[in-house]
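Below is one structure, written out as structure tokens, with a few remarks after it.
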Amino acid sequence: MQSQLEQTLLSKITDLPTLLAKVSDWKNEGKKIVFTNGVFDLLHLGHITYMANAAELGDKLIIGLNADSSVKRLKGPNRPVNDQANRAALLAAMFFIDAVVVFEEDTPLNLITAVLPDVLVKGADYTVENIAGAKEVLANGGEVKTITLVEGHSSTNIINKIKAQRKEG
Ligand SMILES: Nc1ncnc2c1ncn2[C@@H]1O[C@H](COP(=O)(O)OP(=O)(O)OP(=O)(O)O)[C@@H](O)[C@H]1O
Ligand SMILES: O=P(O)(O)O[C@@H]1O[C@H]([C@H](O)CO)[C@@H](O)[C@H](O)[C@@H]1O
């Protein structure tokens, strides 16, 4: 039996039609909508800092989350470590995240084109030129921003640390 709080958090994880209905309401209410996307496999300080900073760029933060199938094509057959249900739930637990939507494609272009957020955000490991959806968001009068990376933090680093510790026994 899910608690009320659990139901509230997990209700943020939504399909595209439901998300678009929420976005329509938010836009009618004059809310500034921020969108970012990623794999968010093993969460770390860089992810938290990044998403908190993204949330401060508007009123509502939407996370486009790569499906497991998409991650395997992007990051290899042994990824993700955390499946999409776990990754989505962990993101939904963050108070500054308003919606999480899983996408199956290699890029979130279709999702971003449907949502047309006011602000599209990626980490500074990307440039505006190589951010999927940037052209569409800019053409719609939106902004595209990158957020400085917190050095030394990545999901890959965590995986490599675990592997190294297992070798040491
Ligand atoms: N150290 C970091 N500081 C700030 N933002 C980050 C950091 N690492 C990743 N991000 C951002 O978080 C989002 C999700 O990235 P991703 O899940 O690929 O993180 P990652 O830790 O680099 O993963 P991996 O090691 O599997 O490539 C991206 O927009 C990325 O720019
Ligand atoms: O977590 P990642 O690897 O930073 O997220 C990827 O971002 C890509 C980016 O938006 C390309 O401009 C995207 O195409 C990919 O699907 C991952 O979300």
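Remember, it's 1-based here, ligands and their atoms both numbered in the order they're listed. Values below: every heavy atom of this structure, side chains too, minus hydrogens, waters and symmetry copies.
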(message) In the structure I gave you, are the side-chain heavy atoms of N66 and F103 within less than 4.5 Å of one another anywhere?
(response) yes
(message) For Q2, is there any backbone N or O sitting under 3.5 Å from a side-chain donor or acceptor partner on Q7?
(response) yes
(message) Can you work out which protein residues put a heavy atom within less than 4.0 Å of ligand 2?
(response) N37, G38, V39, N66, L74, K75, F103, D106, T107, P108, K122, Y126, N130, I131, A132
(message) Between Y126 (side chain only) and A132 (backbone N and O only), is there a donor and an acceptor less than 3.5 Å apart?
(response) no
(message) The criterion is ring-ring contact (aromatic ring centres under 6.0 Å, His included); which residues satisfy it with H47, sequence neighbours excluded?
(response) F40, H44
(request) Just grab all the salt bridge (charged side-chain N to carboxylate O under 4.0 Å, His left out) pairs involving residues 67-87, residues at least two apart or on different chains. (result) D41-R79, D68-R87, R73-D106
(request) Flag the pair V137 / F35 as yes when at least one side-chain heavy-atom distance between them is below 4.5 Å, and no otherwise. (result) no
Hey, what polar pairs (N/O, under 3.5 Å) does ligand 1 make with protein?
from, atom 1, to, atom 2, distance (Å)
ligand 1, 1 (N), V150, O, 2.8
ligand 1, 1 (N), H153, O, 2.8
ligand 1, 3 (N), V150, N, 2.8
ligand 1, 17 (O), F40, N, 2.9
ligand 1, 17 (O), H47, NE2, 3.2
ligand 1, 18 (O), K75, NZ, 2.6
ligand 1, 19 (O), H47, NE2, 2.9
ligand 1, 21 (O), H44, NE2, 2.8
ligand 1, 21 (O), S155, N, 2.7
ligand 1, 21 (O), S155, OG, 3.4
ligand 1, 23 (O), K75, NZ, 3.3
ligand 1, 25 (O), S155, N, 3.4
ligand 1, 25 (O), T156, N, 2.9
ligand 1, 25 (O), T156, OG1, 2.6
ligand 1, 26 (O), K75, NZ, 3.2
ligand 1, 26 (O), R79, NH1, 3.2
ligand 1, 26 (O), R79, NH2, 2.8
ligand 1, 27 (O), K75, NZ, 2.7
ligand 1, 29 (O), Y50, OH, 3.1
ligand 1, 29 (O), K122, NZ, 3.2
ligand 1, 29 (O), G123, N, 3.3
ligand 1, 31 (O), G123, N, 3.1
ligand 1, 31 (O), D125, OD1, 2.6
ligand 1, 31 (O), D125, OD2, 3.4

(request) Taking the side chain as every heavy atom from C-beta outward, state whether K31 and K22 have any atom pair closer than 4.5 Å. (result) no
(request) Please check if the side chain of N130 supplies one atom and the backbone of T127 the other of a donor-acceptor pair under 3.5 Å. (result) yes
(request) Check whether the side chains of E136 and T113 place a donor and an acceptor atom closer than 3.5 Å, and report yes or no. (result) no
